[in-house]
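Inspection log for the structure reproduced underneath, given as structure tokens.
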Amino acid sequence: MAIKNLDPITRPISTHPLTFIIIIIIILLPTTTISTCFPKPPPIPILPLPTSQQLSWQQSEMALFLHFGPNTFTDSEWGSGHAHPSLFDPTSLNTTQWVSIAKENGFSRVILTAKHHDGFCLWPSDYTDYSVKSSPWRNGEGDVVAELAKAAEQAQIQLGLYLSPWDRHEPAYGETLEYNEHYMAQMTELLTRYGNVKEVWLDGAKGEGEKDMEYFFEDWFSLIHQLQPSSVIFSDAGPDVRWVGDEAGYAPATCWSLFNRSNAAIGGTEPKYSQNGDPLGHDWVPAECDVSIRPGWFWHASELPKSATTLLELYYNSVGRNCLMLLNVPPNSSGLISEEDIKVLREFTQLKNSIFSRNLAKEAVVSASSIRGGYNTTQFAASSILEEGIFTYWAPDNSKSKAEIFVDFQESVSFNVIQLQEPIQMGQRIAKFHVDFLNEDGKWREFSNGTTVGYRRLLRFPTVKTRSLKLVIENSRSDPLIAYLGVHIDTVSIVESRKRNATTNPSYLSNFNGSQVLHQLAYNRTHISSS
């Protein structure tokens, strides 16, 4: 029996009229119809944007500051520059312990005061004898910076260095050209001897009545970026990271990473401008919150560390407000971080983990008012906000006026903390938002609101119990994007804060840590707990 030829290439084309009609329709289909099979591209980023170095800095979230030097042995904060080098003799110095404590408690970076205002160098500088080489420590052969750099590299912890512009020992200080040459020579030593340096810390601190001095900041910045391209530079005015404007460790509730460097000067920036940033800023200069675990910046035997709940409060008000938390933990005169400080750090870590290690919305059903590319796309789906990190995100349809996200827990859930993140690599966008819960009558009730989000925003409020919540973006510089939403329960700091504030500040519930809490006091079936 002959086998019928089924090869489509050799088979004759049907002469049936319907076949010709189908072929003609396919040929005439517009290319726009065919192109719908391609995914919708990401939205245009909105300037300014962070550099890769600034992104890395922001993602590190917490850094440990290490104030250490002759002041540690003289019970001083600002040394005179005349303390004899023989005083510096930390008999048990162990930088591995410093780094281990940092890593164990979630600090991604350590920053050492390589030279404080007294001018004493914790490395054997070629440009002065006022350094470790003139001390009895390690028989004058020691190098604190080298030991810390090695320990940090082994532990995969980032290294930062502080080189004080003000130098109370150096004779050239006050002579503009000579001192700038001296300073840049010492900076070159630090940035060429010790491997990767991820942050260079500068400030404008100088006592009243001290010599006038013009610093060549732009020359310094160029040198630093040349020698350490992956480093960020901190100062009152950037260029990469700015001071938040106080040493209390608190950022304001509204905190933009946007900034105008032209409006700032080291040692002369308006504090409020440093604190809030600038929604119209042309530069990306995020804020860093520096604060000490003890009353002083250097170790003093008479001082005790802050409590773990106080550190948690600082975390909420720094990292939780789009900043990095730089916590100073000064080594003692033995060269070790004190046991009482270690105890507090571990307690703080336990508290923080007990709150944020679990997202109560992890198994929730998430939907949105619209999705970029349509509801069938997965690239910008609302469910993306349950994935940790900033590189996946929900994006709304830019043709829609509403920007809302709905979270259905599928059962009643109690919580008092909400965490939000923007994909800041796309620019900082959100300027105003609020959060609602669904009450027993099926009506949405607003219970918290805020302004900026940025890399991370933590909102706290009296406990809410509900099956559903809604995030409403009211105002944004461009299409709002949400990378992460976390829902948490904090059983420690909320209660502590209420007890502390109830008698001293009756209005605290109306403005709880910068998060406006709206109470329906007349609504007797509210789900906002007052206990």
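In the displayed structure, Gln156 atom CD is contacted under 6.0 Å by at most 12 heavy atoms of other residues, nucleotides or ligands.
Scored by the side chain to side chain donor-acceptor pair (under 3.5 Å) test, Gln59 finds no partners at all (sequence neighbours excluded). For His488, the ring-ring contact (aromatic ring centres under 6.0 Å, His included) test picks out Phe356, with sequence neighbours left out. Every residue two or more places apart in sequence or in another chain that forms a side chain to side chain donor-acceptor pair (under 3.5 Å) with Ser307 is listed here: Thr309, Thr310. Partners of Ser478 under the side chain to side chain contact (heavy atoms under 4.5 Å, CB included) rule, at least two apart in sequence or in another chain, are Ile46, Arg429. Evaluation of the ring-ring contact (aromatic ring centres under 6.0 Å, His included) rule for Tyr393 yields Phe380 as partners, not counting sequence neighbours.
Although no hydrogens or angles enter the test, the distance criterion places a donor-acceptor pair under 3.5 Å between the side chain of Gln425 and the main chain of Ile390. A distance-only check finds a donor-acceptor pair linking the side chain of Thr466 to the backbone of Leu438 [under 3.5 Å]. Listed for the Asn359 side chain is a donor-acceptor partner under 3.5 Å among the backbone atoms of Val487. For the pair Gln54 (side chain) and Trp284 (backbone), a donor-acceptor distance under 3.5 Å is present. A side-chain donor-acceptor contact under 3.5 Å links Asn332 to the backbone of Ser334. Under the 3.5 Å distance criterion, the side-chain polar atoms of Glu388 are left unmatched by any main-chain donor or acceptor of Tyr484.
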Inset, instruction - Assess whether side-chain contact (heavy atoms from CB on, under 4.5 Å) is satisfied between Phe415 and Phe437, documenting all intermediate values. - result: CA-CA 11 Å; Phe415 56 92; Phe437 76 96; 5.5 Å; no

Inset, instruction - Check step by step if side-chain contact (heavy atoms from CB on, under 4.5 Å) holds for Leu469 and Val435. - result: CA-CA 7 Å; Leu469 66 80; Val435 192; 4.3 Å; yes

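The aromatic rings of Phe68 and Trp98 sit perpendicular, their planes meeting at an angle over 60°, well past the 30° parallel limit. Ring orientation note: the planes of Trp201 and Tyr162 are nearly perpendicular, at an angle over 60° on the 30°/60° scale.
For the side-chain hydrogen bond (donor to acceptor under 3.5 Å, both in side chains) condition, the pairs that include at least one residue of residues 101-111, sequence neighbours left out, are Glu104-Arg346, Asn105-Thr349, Arg109-Gln158, Arg109-Glu199.
Of the inter-residue distances, the one linking Ile430 atom CD1 with Ile473 atom CD1 reads 4.0 Å to the nearest 0.5 angstrom.
Test Asp290, Asp236, Thr269 against Trp243 for side chain to side chain donor-acceptor pair (under 3.5 Å) and you get one pass: Asp290.
Electrostatic pairing of Glu339 and Lys343 does not count as a salt bridge here, judged by no charged N lying under 4.0 Å from a carboxylate O.
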